[in-house]
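Heads up, the thing below is written out as structure tokens.
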Amino acid sequence: MDKLLISPSPHIHSGDSIERNMYGVLIALIPAFICSVLFFGIGAIIVTLTSVVACLFFEYVIQKFILKRQPTIWDGSALITGVLLAFNVPSNLPVWIIIIGALVAIGIGKMSFGGLGCNIFNPALVGRVFLLISFPVQMTTWPLAEGFHSSYVDAATGATPLSLLKAAVKSGESVNTYLMDEGFVGYGNMLLGNMGGSLGEVAAFALLIGFAYMLIRKIITWHIPVTIFLTVFIFGGILNVCDPEQFVNPLFHLLSGGLMLGAIFMATDYVTSPMSHKGMIIYGVGIGILTVLIRQFGAYPEGMSFAILIMNAFTPLINRYCKPKRFA
Amino acid sequence: MSTLVITIISLCAIGIVSAVILYFVAQKFKVEEDPRIDIVEGLLPGANCGGCGYPGCRGLAEAAVKSDTLDGILCPVGGAATMSKIAEALGREVSVQAPKIAVVRCNGTCDNRPRTNRYDGAQSCAIMHTLYIGETGCAFGCLGCGDCVNACQFDAIHMDENGLPVVDEEKCVACGACVKACPRGIIELRNKGPKNRRVFVSCVSKDKGAVARKACKAACIGCGKCAKECQFGAITVENNLAYIDFNKCRLCRKCVSACPTGAIHEVNFPPRKVEPEKAPSTPVEEEKKNEQL
Amino acid sequence: MLKTFKIGGVHPPENKLSAGEKIQVLPVPEQVVILLNQHIGAPATPIVKKGDTVKTGQLIATAGGFVSANIHSSVSGTVVAVDSVPDAAGLSKPAITIKTEGDEWMPEINREGEAAWDTLSKEDIVKAIAAAGIVGMGGATFPTQVKLTPPPGNKAEFLIVNGVECEPYLTSDHRVMLEKGEQIIVGVQMLMKAIGVSKAVIGIENNKKDAIAHLQQLASTQTGIEVCPLQVKYPQGGEKQLIQATTGRAVPSGALPIAVGAIVQNIGTVLAVYEAVAKHKPLIERIVTITGKSVKHPGNYLCRIGTPVSKLIEAAGGMPEDTVKVIGGGPMMGRAMVNVDSPITKGTSGILLINEKEGARRPMRSCIRCGKCVSACPMGLEPYLLARLAMANLLERLEEERVMDCIECGSCSFTCPSARPLLDYIRLGKGRTGAMIRNRKK
């Protein structure tokens with residue numbers, strides 16, 4: 001009785017927590033994971049497990065021994081980084097490369113800024129881009145989606161739709177005829193994920209299920225992913241209308257590569273995306289335009305990771321100048 | 001090869017053009033400043049603590065150059081030494097001020113002041129102070145969230161195990177940041193005193209005696225015994241609270257023994273001898289004793 | 001789609017445990033403590049002294065300034081002290097303590113009948129309200145007569161009656177609307193006359209369907225009174241939010257509701273106005289909800305002002321074992337109490353006993369910049385930023401970021417996944433920024 005609690009208002013809380021949001025994202029990633037196991041076999045499991053364990057390990061070690069604070073590895077953020085890093089690499093990537101990627105993602109991408117909430121760039125993408133630049137061969141040798149099998153590093157490999165596109169652009173031929181000649185899988189298969197690519201990015205429909213789940217649980221808002229989809233579609237569409245020989249159908253952009261995975265799970269990362277709805281829309285438009293530009297004109301076949309990282313760098317600026325709609 | 005040459009030439013050109021622009025801009029927007037400001041700023045410690053009341057060391061330097069007498073300008077960090085250097089540089093007199101130190105005036109340890117509730121809000125004395133009385137029955141005492149600790153730039157104040165802030169006498173420079181940070185005005189800058197010896201009332205409760213006593217065993221209850229005991233008129237009792245004027249106090253410590261609640265503290269004195277009853281020494285003797293020490 | 005305000009807002013669990021409980025009369029206590037600053041503004045000046053005999057409804061302290069309110073004795077008996085007592089926050093506040101002897105009311109109070117008020121002029125009504133010491137009874141306790149006399153140059157267009165009761169748990173306004181609907185309608189007409197408008201809107205959230213139906217039926221026979229059902233969303237009871245929800249007009253930053261022609265009054269205030277004008281009864285009692293998940297008999301009680309909160313808790317079956325927090329008001333904006341013997345005031349809309357499960361705050365974690373506070377803020381501010389600026393004491397930046405617009409509704413702290421005490425810091429920053437602005441004006 002004489003030990004009443006006193007605090008300023010409000011006296012109740014919604015019950016929302018970091019864990020609820022982080023584990024919600026993980027649940028939303030499950031359909032995509034199941035698909036990748038079905039397409040890429042045992043390699044998907046090995047890569048994901050390695051990445052998750054390595055991320056948790058590095059997070060624990062850095063928090064405990066370098067930053068000397070209470071480790072918070074079970075808040076789910078390192079788990080997500082691990083899963084997303086794995087989803088962004090080919091399923092036949094050697095274990096040691098993944099561990100290096102995890103170290104860069106957690107160590108440089110996150111902890112060097114001070115841990116959860118302080119990082120500027122999406123940690124998983126920092127790891128992924130580091131690997132892409134350091135190990136270009138391993139990172140762009142894509143296994144084929146052959147149904148469940150137990151071969152890991154020695155899985156059969158082939159081209160992804162995006163690498164075909166890049167080859168087509170370079171060859172100077174008509175994009176559509178080139179794609180057809182080189183065994184393009186078709187849009188239906190792209191939606192299902194039946195194509196080569198990084199292990200988590202292929203199954204567009206599974207990622208969309210995750211998106212719907214996160215929207216229902218109110219973990220994210222629709223603004224960033226939908227803006228990215230629309231921008232890519234409209235911008236790609238305009239290019240396509242201008243010159244269908246050189247620029248591919250916008251649907252191809254939407255369904256290929258890491259666009260779905262990036263737009264739904266990585267561009268929406270809380271820490272590195274803007275806070276206001278207006279800011280989120282600007283951020284989404286920026287990512288969409290940069291992605292199409294890199295895919296069509298850049299040296300790399302895939303532009304999503306770079307586009308997100310570039311817009312991450314603009315996030316503080318967007319937050320500074322993009323104020324939410326004030327009351328009156 | 002030509003690529004290289006063109007690159008070098010264009011970069012040089014850009015550099016030269018920018019340099020010219022910058023030069024003219026700098027000329028155009030040049031601010032005339034008294035060069036002595038820089039000199040004075042160089043003499044200051046450069047901590048930018050704001051303890052002098054000016055915005056940073058440069059603020060004090062500007063004020064010092066403008067002012068004719070240096071009256072009321074004091075760098076609490078550098079103290080008299082720095083001020084005399086500045087006076088010398090500016091060719092002026094400086095009034096010497098006694099060195100000061102921050103003193104925490106609250107006795108509300110866990111033993112003395114029982115808790116009546118638990119605070120569960122943001123850890124800030126300022127927030128707690130605007131919200132309610134605090135975790136104890138005393139509306140004047142320390143709140144214990146450590147706003148003073150956060151305000152101190154010299155790492156000179158820390159919370160002890162009793163939940164009260166303690167000033168590190170070695171490190172305290174009397175900048176007054178903690179005095180401003182404390183929402184209850186518990187901390188005061190007092191004269192350091194000869195050999196760092198000080199006597200002060202360690203309580204700021206203006207509650208009536210009974211109320212203050214109920215909230216805290218070691219509260220000043222405003223009984224006035226200390227004021228009667230004091231032969232130098234250094235102690236005043238106002239609003240149920242005694243206050244010792246450090247300019248008048250001769251450090252005789254009689255008030256300390258007179259206080260029924262132990263609210264008056266003495267610091268840095270040698271332990272008292274258990275003296276047999278004898279006639280109290282006269283003020284003159286007391287002063288002599290102090291001088292000898 | 002029902003009307004509501006446009007941006008932000010949250011939906012805390014409603015927990016209206018006492019919604020079905022009829023208003024009961026709490027017995028007159030043996031002693032009342034009547035605080036002299038039950039309103040915003042200057043404390044009232046006592047006009048009785050120790051030993052005086054007073055009757056129920058007798059004026060015992062007069063308004064201490066323009067923004068202040070009269071205070072009346074809520075019991076009949078003897079004044080035993082005019083001094084300071086600890087209030088709910090434990091701080092000493094001036095008060096008059098009266099020992100109850102019988103219950104003899106002032107003769108001019110018309111307890112049974114209803115005096116004719118049609119003949120009264122606009123000024124008469126405002127005078128009667130001022131004399132009765134009526135203040136905003138939703139919790140803000142702003143003196144009503146001041147609100148009814150808008151500054152020159154402003155013209156009121158309509159009266160908005162706040163029957164939203166968006167705070168979880170609280171049900172006192174709900175019960176008043178159900179049980180005293182007729183008086184409310186008359187009270188609304190009095191207020192319309194007092195401010196000279198022909199239109200009034202009663203905003204009620206849709207979780208009180210019975211009250212909406214009841215008042216709609218009563219209002220249908222009157223001209224100019226409209227009952228507006230609103231979507232359930234917190235903080236709809238905020239003045240600016242309610243005006244936007246009912247009329248679509250947005251009060252500009254820093255302006256009063258009168259700038260868009262609106263005057264907002266709480267349901268409880270309307271009832272008090274009715275009693276003051278038709279019955280000459282000053283504000284000496286009010287309806288208070290006593291509730292909480294562990295409370296044995298949550299209910300709504302008609303209490304005399306000055307009754308100790310502990311008496312009300314007793315009436316509801318005593319303080320449950322697992323109570324960790326006693327709150328005066330609702331869980332979102334109410335104030336935690338240190339002293340449960342402190343008296344009920346004019347602004348006490350409810351007493352909420354929070355149990356262990358809901359009580360303690362979770363430890364604060366680092367901000368993950370999820371932006372949920374930004375989405376929740378009904379004023380379109382950025383709470384994460386304001387809190388950070390307040391911690392760093394950057395008052396100019398706070399002013400730029402419009403901290404003074406904050407209505408302290410608590411939606412940001414409520415929604416924060418990291419359980420950061422955003423509002424605690426923002427309130428501190430707002431107070432300091434306000435002081436800075438006032439100093440500048442001097």
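Letters go in sequence order (proteins before strands), and every chain restarts at 1.
When heavy atoms are compared at a cutoff of 4.5 Å, C:R335 approaches chain A solely by way of its backbone atoms N, CA, C and O. Both the backbone and the side chain of C:I368 come within less than 4.5 Å of a heavy atom in chain A. Interface remark: C:C367 contributes backbone atoms only to the contact with chain A (heavy atom separation under 4.5 Å). Neither the backbone nor the side chain of C:P421 comes within less than 4.5 Å of any heavy atom of chain A. Residue A:I219 touches chain C through its backbone alone, counting heavy-atom pairs closer than 4.5 Å. Residue C:V324 touches chain A through both its backbone and its side chain, counting heavy-atom pairs closer than 4.5 Å. At a 4.5 Å heavy-atom cutoff, the contact between C:P12 and chain A is made by side-chain atoms alone. Within the 4.5 angstrom heavy-atom criterion, no atom of C:A255 approaches chain A. For a residue to count as touching a neighbouring chain, one of its non-hydrogen atoms must lie under 4.5 Å from one of that chain's; by this rule C:L385 touches chain A with the side chain only. In this structure, no portion of A:D269 lies under 4.5 Å from any heavy atom of chain C. With a 4.5 Å cut-off on non-hydrogen atoms, C:F5 does not touch chain A at all. Contact annotation for C:K240: both backbone and side-chain heavy atoms come within less than 4.5 Å of a heavy atom of chain A. Interface remark: C:E321 contributes no atoms to any contact with chain A (heavy atom separation under 4.5 Å). For chain A, no part of C:R249 is nearby; none of its heavy atoms comes within less than 4.5 Å. C:L381 touches chain A through backbone and side chain together, each having a heavy atom under 4.5 Å away.
Contact between A:T81 and A:A105 at its shortest, heavy atoms only, is CG2-CB, 4.1 Å.
Between chain C and the options A:H277, A:K325, A:K323, heavy-atom pairs under 4.5 Å are most frequent for A:K323. Put simply, of C:G371, C:P331, C:A250, the one with the most heavy-atom pairs under 4.5 Å next to chain A is C:P331.
A salt bridge between C:D405 and A:R326 is absent, with no side-chain N of the basic residue lying under 4.0 Å from a carboxylate O of the acidic one.
Note: C:T246 OG1 to C:L242 CG = 5.0 Å, rounded to the nearest 0.5 Å. From C:R369, atom CZ reaches atom OH of A:Y270 across 14.0 Å, with rounding to the nearest 0.5 Å. Atom CD1 of C:I7 and atom CE of C:M379 lie 7.5 Å apart (nearest 0.5 Å). In this structure, SG in C:C377 is found 10.5 Å from CZ in A:F327, a value given to the nearest 0.5 Å. With rounding to the nearest 0.5 Å, the separation of CD in C:E14 from CD in C:E167 is 12.5 Å. Of the inter-residue distances, the one linking C:F414 atom CZ with A:S9 atom OG reads 13.0 Å to the nearest 0.5 angstrom.
Between the side chains of A:S77 and A:D75, at least one donor N or O sits under 3.5 Å from an acceptor N or O. C:H11 and C:K233 form no side-chain donor-acceptor contact under 3.5 Å, judged by distance and modelled atom types alone.
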